[in-house]
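Note that the structure is a prediction, hence the values are computed from the model and not measured.
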Amino acid sequence: MSYVPAKAAVAAIGAARVRKISAILDVAAGSGAWSIPFAKASPKARVTMVDFPAVTAITREYAARYGVGDRYDYIEGNLRELDFGQDKYDLAIFGHIIHGEGAEWGQKLIRKTASALKDKGQLLIADFIPNDERTGPMIPMLFGLNMLIRATPGADVFTMREYRTWLKEAGFRSVRTIPAPSPSPLILATK
C-alpha cells in the first residue's frame, strides 16, 4: 500500500531534485516502504530511520532486500521522546503516522521535524485526508471512524486545511499535494 505511492512521490518531486537529496529522515518508518524508493533513486542519500527496536529489525530486512541497507542508520525508541537533531535532513517522511498521534502530538511532531530539516528541506506526509467539510471521501472517513473507535485517545484523520495551518505554523513556506495511487493525495511541504 505504501511502496507504490512512495515511488509516485519520487517521480513527482523529479529525478534531478531527488538525486540532490543526501539525508533522509523516515519517522516511524516501519518496513521502510516510504524511504526505500528515495534511497534507490538517490544513490548518495543516507536514510535515518526512527522506530521502536522491534520494528527496526523489519526495516533492516527490507532495506537489505532492496539493496540499500548499507545506507540506513537507526534511531530506536519512542518518536515522541527522541531528538531528531537540527538542520540535518533534506527530506523527512511521515508515512501514515499523524492519524495515530492525534492533533496535539501530530503538531508537535511536525514542529520537531521542521527543526531537523535544512533550509529548503521537504516533508512528505502520507495519510488519510478527508475533505474540509469532513463529508468524504469514503475511505478517509471510514478510517477516521476506526481511529475514533479503536485507536489511542486523540487519534483521527485531519483535513488539508488543518495540515496547511499546522505546516505554515511550523515554518513551511509552501504546501502542495501530489496525486498518488493511494486513498488520499500526498502532502509535500517545503521549508
Min side-chain heavy-atom separation V50-L25 under 4.5 Å | yes

I125 and L186: CA distance, side-chain angles, deciding distance, side chain to side chain contact (heavy atoms under 4.5 Å, CB included) verdict | CA-CA 6 Å; I125 301 173; L186 305 177; over 6 Å; no

Using the ring of each side chain (for Trp, its six-membered ring), is H99 parallel, tilted or perpendicular to F143, with breaks at 30° and 60°?
-> perpendicular

Any side-chain heavy-atom pair from V27 and L109 closer than 4.5 angstrom?
-> yes

So, D127 side chain and H96 main chain: donor-acceptor pair closer than 3.5 Å or not?
-> no

Main-chain N/O of A39 paired with R71 side-chain donor or acceptor, under 3.5 Å = yes

Answer whether the closest heavy-atom distance between the side chains of P140 and S184 falls below 4.5 Å.
-> yes

Cluster link I13 to W34, ILVMFWY, side chain under 4.5 Å = yes

State yes or no: do Y62 and M1 share one hydrophobic cluster built from I, L, V, M, F, W and Y residues joined by side-chain heavy-atom distances below 4.5 Å, directly or via other members?
-> no

Do K191 and F172 meet the cation-pi criteria used here (NZ or CZ under 6.0 Å from the six-membered ring centre, within 45° of the axis)?
-> no

Got a second to check how far S174's OG is from L167's CG, nearest 0.5 Å?
-> 10.0 Å

Do V68 and V47 come within less than 4.5 Å of each other through their side chains, counting heavy atoms only?
-> no

Does V10 offer a backbone N or O that forms a donor-acceptor pair with the side chain of R17 under 3.5 Å?
-> no

Look at atom CG of L145 and say whether more than 12 heavy atoms of other residues, nucleotides or ligands are closer to it than 6.0 Å.
-> yes

Distance, nearest 0.5 Å, that separates CD1 of I178 from CG of L124 = 6.0 Å

Are I98 and V55 connected, step by step, through hydrophobic side chains (Ile, Leu, Val, Met, Phe, Trp, Tyr) whose heavy atoms are closer than 4.5 Å?
-> no

Flag, side chain of D156 to backbone of G102, donor-acceptor distance under 3.5 Å = no

Mind checking the CG-CZ spacing from D26 to F94? Nearest 0.5 Å is all I need.
-> 10.0 Å

Examine Y3 together with Y66 and report whether their ring centres are nearer than 6.0 Å.
-> yes

S35 versus Y72, side-chain donor and acceptor atoms under 3.5 Å = yes

Could you tell me the separation between the CD1 atom of I36 and the CZ atom of R65, rounded to the nearest 0.5 Å?
-> 9.0 Å

Sub-4.5 Å side-chain heavy-atom contact between K7 and K40 = no

So how far is it from L91 CG to T190 OG1, rounded to the nearest 0.5 Å?
-> 9.5 Å

Do I21 and K44 have side chains that get closer than 4.5 Å, going by heavy atoms?
-> no

For G32 and P37, which heavy atoms make the closest approach, and how far apart are they?
-> O-CD, 4.5 Å

At their closest point, which heavy atom of A92 faces which heavy atom of L117, and how far apart are they?
-> N-CD2, 3.7 Å

Under a 4.5 Å cut-off applied to non-hydrogen side-chain atoms, are E101 and K108 in contact?
-> no

Nearest non-hydrogen partners of I58 and S31, listed with the distance | CG2-CA, 4.2 Å

If only atom types and distance count, is the side chain of K112 paired as donor or acceptor with the main-chain N or O of L82 below 3.5 Å?
-> yes

Hey, could you give me the CD1/OG1 distance between I129 and T177, rounded to the nearest 0.5 Å?
-> 8.0 Å

Is it true that K168 and E162 make a salt bridge, defined as a side-chain N closer than 4.0 Å to a carboxylate O?
-> no

A170 and A114 have their tightest heavy-atom pair at O-CB, 3.6 Å

Go through Y89 and I24 one step at a time and tell me if the side chain to side chain contact (heavy atoms under 4.5 Å, CB included) criterion holds.
-> CA-CA 6 Å; Y89 302 99; I24 300 169; 5.7 Å; no

May I ask you to test the E76-M49 pair for a side-chain heavy-atom distance under 4.5 Å?
-> no

Distance only, no hydrogens: is a donor on one side chain within 3.5 Å (strictly under) of an acceptor on the other, for T56 and D51?
-> no

Return the minimal non-hydrogen interatomic distance between M141 and P130, and the atom names on each side.
-> SD-CB, 3.5 Å

Do W166 and W105 share a hydrophobic cluster, counting only Ile, Leu, Val, Met, Phe, Trp and Tyr and linking them when any side-chain heavy atoms are less than 4.5 Å apart?
-> no

After noting the C-alpha distance and the side-chain angles of F38 and I93, does the key distance pass the side chain to side chain contact (heavy atoms under 4.5 Å, CB included) rule?
-> CA-CA 10 Å; F38 283 93; I93 303 168; 4.0 Å; yes

Is the backbone N or O of G69 less than 3.5 Å from a side-chain atom of R60, with the two atoms forming a donor-acceptor pair by type?
-> no

How are the rings of F158 and Y163 set to each other: parallel, tilted or perpendicular (split at 30° and 60°)?
-> perpendicular

Side chain to side chain contact (heavy atoms under 4.5 Å, CB included) between V157 and R134, intermediate numbers included = CA-CA 9 Å; V157 292; R134 292 183 172 268; 3.9 Å; yes

Look at the side chain of T48 and the backbone N and O of D73, then say whether any donor-acceptor pair between them is shorter than 3.5 Å.
-> no

Please report the closest heavy-atom contact between A28 and I97, naming both atoms and the distance.
-> CB-CG2, 3.4 Å

Say whether L188 and F128 are linked into one hydrophobic cluster, either directly or through other cluster members, by side-chain heavy-atom distances under 4.5 angstrom.
-> no

Does the D87 side chain pair with the main chain of K118, one donor and one acceptor, at a distance under 3.5 Å?
-> no

Salt-bridge test for D119 and R173: reply yes if a basic N is under 4.0 Å from a carboxylate O, no otherwise.
-> yes

